[in-house]
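To start, the structure itself, in structure tokens.
Not measured: the values here are computed from a predicted model.
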Amino acid sequence: MSKQETSPNEKHPLLTQHAMLVLWGAYAQQMGLVKALEQVELSQQSRTHQPQTKIIEFLVAILAGLPHLQDLSRSAHPLVRDRAVADAWGQPAWADYSGVSRTLQSLSDEEVNAIAEAIDAISQPFIDLECERAVASAGRLVYDADLTGRPVSNTSTTYPDTAFGYMGDTVSLGYQAALVTLHSPTYGRLWLANQLHPGDTVSATQAEALVRAAEARTGLRPRRRTELVTARLAEAEAALADAETAYDAAYEMHQAASYRAKDTRLELAEWSREQLGLEREYQRENRQPTAHCKLARARRKVATYEKRLPRTENALAVAERRMAKRKRKLEATRDEVNRLRQHHQQLLADNESNPSPVRALFRIDGGFASQQNIAWLIEMGYDVDTKARSTRVRDDLIAALTPETVWQRVGGNASLTAWAKTTANGYFTYPLNLALARYQTGKTVRHSVLVHYGEDDATADLDGWFHRYNGRQTIEAGIKEGKNVFQMHHLKVRSSQALLLQEHFACFAANFVRFAAHWLVEQQQVHQLPFDTGSVKQMVQVCAHTSAWVRRLGDVWLLTFTEQSLFAGCSLQIGIGTIQLPLPFVRGIHFCHF
């Protein structure tokens, strides 16, 4: 049967069990997504189905929220038999899930990168425009970063590069996905990067990579705070001079101790030979030693140097340890100076190549908030909202409380008291704002420490500070959406390349659904949509699995929901044709993959 015969038309409507996937397919063709994926070169040979078709089918499976790849063929309403969805996505037919699996298994790193670049190029104009809108409306970009587990069976041996690590409240075998999002005025949340790591990866090691991935994706970055690094470098160079002086002194002491020990050993050896020779001479001549004879003197010398030798060797050992310690400190200080010099030069170069810096806020949880990461984020020009990971900082702030301490209620069971521009007794590299949060749950009281660095005085608006940091729950909601709506807690593939593609497709799918929702609203100029376009969960889990009759009249698609559908009696009409992707106000479109 030809594609023309199976395509929906006015006289021969097709029944779909996946109405929303038809709408999304029409949108994907309009925005150029289908064409972009079909143009990716894949080495696998074509038989019944093109490998590009199977890649598109994998994306559709994620958009449909299918838990397992085999659900493409073995669910109650198999997608592979839905001709209307295939036609909407510009495909002659769908392949069996086994063929999709084989194609995914055969992907190379280069092919996965090419696919990722293709879909990134499609979403890049939307991201560029949202960056412009965020800067125009709020004056800055707001990023959120987090790490989430992708567990597999603890007895599994078929997933590559897995490791045991904390995932939620338990230790499990699997992966860690490092994620970063952009707060979007239009869509609420846009995914920028998703990087898969072994399960034993911890948050503190991923902060820098996520910042750089976000900058690469948006093409925007703040002005680097080179003046802070300049001051820090001067301190490090002074410390290096002190370390060199201390090492030189320790080296001199070691040399002196070494000479004393060497001289003592030589003297002992010499007087021991002298004693042995005299004893043989006295024995040969049958002489008895006297109190002041040569043999008695030699024996006294030997006893003196035998007694002195342990002291000199102990002094040498102490000098060696001191010199080694000073050497380690010297090398560490020199490495720090070299690192800061390189870092400073890079920041200067960043500023020179960044004529239009933006303000940007990075919100991270305490797992990312090591001393080094906070200092690095500040130097990179970011405002920072996080929580202190050190219990020492929390305990010191609790110890500083007095009966006169003023607490401000900022939530149902939360109160804050704050300190402005403090390093917490030298714990932090730069002065910043700290707030001790007190949570009262019945008779239980818990404390945590909020950390802020930025141009605004967070201590003057504790309520705003508290709710701004907790605004990072948007990425936690996104992680929950990925697991429960797009079924990312089910790993549908097992090769390392396919796992990376699944992660990338899941992020793209979450963005794509939001882009399409706004497009659908614009399409329905007269009639109101029967479903909530603000609910990704409803669109994926309900609308993508409801039945409708599909007709295609030239460039117009008409969907009429069946009597068995939740939206019975409703119809949707959408036009098809090329659409203008959004363009940023200032910058031209640029494509980037991380």
Side-chain angles (χ1 to χ4, degrees), residues 1-9 12-66 69-75 77-104 106-107 111 114-115 118-119 122 492-493 498 501-502 505 508-509 512-513 516 540 543-545 547-559 574 576-579:
M1 187 176 290
S2 69
K3 178 180 175 181
Q4 185 176 4
E5 292 173 326
T6 61
S7 298
N9 54 59
H12 301 286
L14 289 180
L15 177 65
T16 180
Q17 300 295 333
H18 307 91
M20 185 59 77
L21 294 181
V22 173
L23 299 176
W24 286 339
Y27 179 58
Q29 289 206 66
Q30 288 193 45
M31 72 189 316
L33 172 61
V34 174
K35 182 178 180 181
L37 290 175
E38 289 177 336
Q39 289 178 342
V40 175
E41 293 186 6
L42 301 177
S43 60
Q44 186 179 8
Q45 292 182 349
S46 301
R47 293 183 180 177
T48 305
H49 304 279
Q50 296 284 335
Q52 290 83 356
T53 293
K54 288 179 272 190
I55 295 300
I56 294 172
E57 187 176 349
F58 183 45
L59 173 59
V60 174
I62 292 176
L63 283 167
L66 299 183
L69 201 60
Q70 66 181 7
D71 293 331
L72 287 167
S73 306
R74 298 183 178 179
S75 61
H77 300 287
L79 184 65
V80 297
R81 297 183 183 178
D82 201 317
R83 293 181 297 173
V85 176
D87 189 74
W89 284 83
Q91 305 305 308
W94 295 126
D96 184 74
Y97 84 93
S98 59
V100 176
S101 178
R102 285 191 295 272
T103 292
L104 295 172
S106 69
L107 290 175
E111 290 170 336
I115 296 169
I119 63 174
I122 294 296
K492 303 169 181 60
V493 291
L501 184 62
Q502 177 176 331
F505 270 1
F508 176 79
F512 174 84
V513 169
V540 173
C543 302
H545 297 276
S547 56
W549 288 103
V550 182
R551 294 175 174 85
R552 185 173 180 180
L553 312 174
D555 291 336
V556 177
W557 289 71
L558 179 65
L559 271 72
I574 59 173
I576 194 167
T578 58
I579 61 174

Who are the side-chain contact (heavy atoms from CB on, under 4.5 Å) partners of Ser73, not counting sequence neighbours?
Val80, Asp96, Tyr97
Do Gln44 and Glu111 come within less than 4.5 Å of each other through their side chains, counting heavy atoms only?
no
Can you measure from CG (Asp87) to OG1 (Thr16) and round to the nearest 0.5 angstrom?
11.0 Å
Which atom of Val550 lies closest to which atom of Ala84, heavy atoms considered
CG2-CB, 4.0 Å
Atom pair CZ (Arg551) and CH2 (Trp557), whose distance is rounded to the nearest 0.5 Å:
13.0 Å
Side chain proximity check, Leu501 to Val493, heavy atoms < 4.5 angstrom:
no
For Glu57 and Ala95, indicate whether the former's side chain and the latter's backbone hold a donor-acceptor pair under 3.5 Å.
yes
Please list, chain by chain and in numerical order, all residues satisfying ring pair (Phe, Tyr, Trp, His ring centres under 6.0 Å) with Phe505, sequence neighbours excluded.
Phe58
Would you compute the distance between atom NE2 of His18 and atom SG of Cys543 and round it to the nearest 0.5 angstrom?
13.0 Å
Identify the heavy atoms of Pro13 and Trp549 that sit nearest to each other, and give their distance.
O-CZ3, 3.9 Å
With a 3.5 Å distance limit and no angle check, can you tell me whether His545 reaches the backbone of His77 through a side-chain donor-acceptor pair?
no
Side chain proximity check, Val100 to Leu69, heavy atoms < 4.5 angstrom:
yes
Going by heavy atoms in the side chains, are Leu79 and Leu21 under 4.5 Å from each other?
yes
Atom of Ala93, atom of Ala86 and distance for their closest heavy-atom approach:
CA-CB, 4.1 Å
Who pairs with Glu38 by side-chain contact (heavy atoms from CB on, under 4.5 Å), at least two apart in sequence or on another chain?
Val34, Ile56, Gln91
Nearest 0.5 Å, please: how far is NZ in Lys492 from CG in Leu66?
7.5 Å
N/O donor-acceptor pair under 3.5 Å between Gln52 side chain and Gln39 backbone:
no
Heavy atoms of Ala19 and Leu559 approach each other most closely as O-CD2, 3.6 Å
Atom CG in Leu104, atom CD in Gln502: separation rounded to 0.5 Å?
9.0 Å
Name the orientation class of the two ring planes belonging to Trp24 and Phe512 (parallel below 30°, tilted from 30 to 60°, perpendicular beyond 60°).
perpendicular
Evaluate the side-chain proximity of Val540 to Leu63: yes if any heavy-atom separation is below 4.5 Å, no if none is.
no
Side-chain contact test, heavy atoms from C-beta onward, threshold under 4.5 Å: evaluate it for Leu59 versus Leu33 and give yes or no.
yes
Looking at Val40 and Ala114, what are the two nearest heavy atoms and their distance?
CG1-CB, 3.9 Å
For the residue pair Ser547 and Leu15, what are the closest heavy atoms and their distance?
CB-CD1, 4.4 Å
Could you give the distance from NZ (Lys54) to CG (Leu107), rounded to the nearest 0.5 Å?
10.5 Å
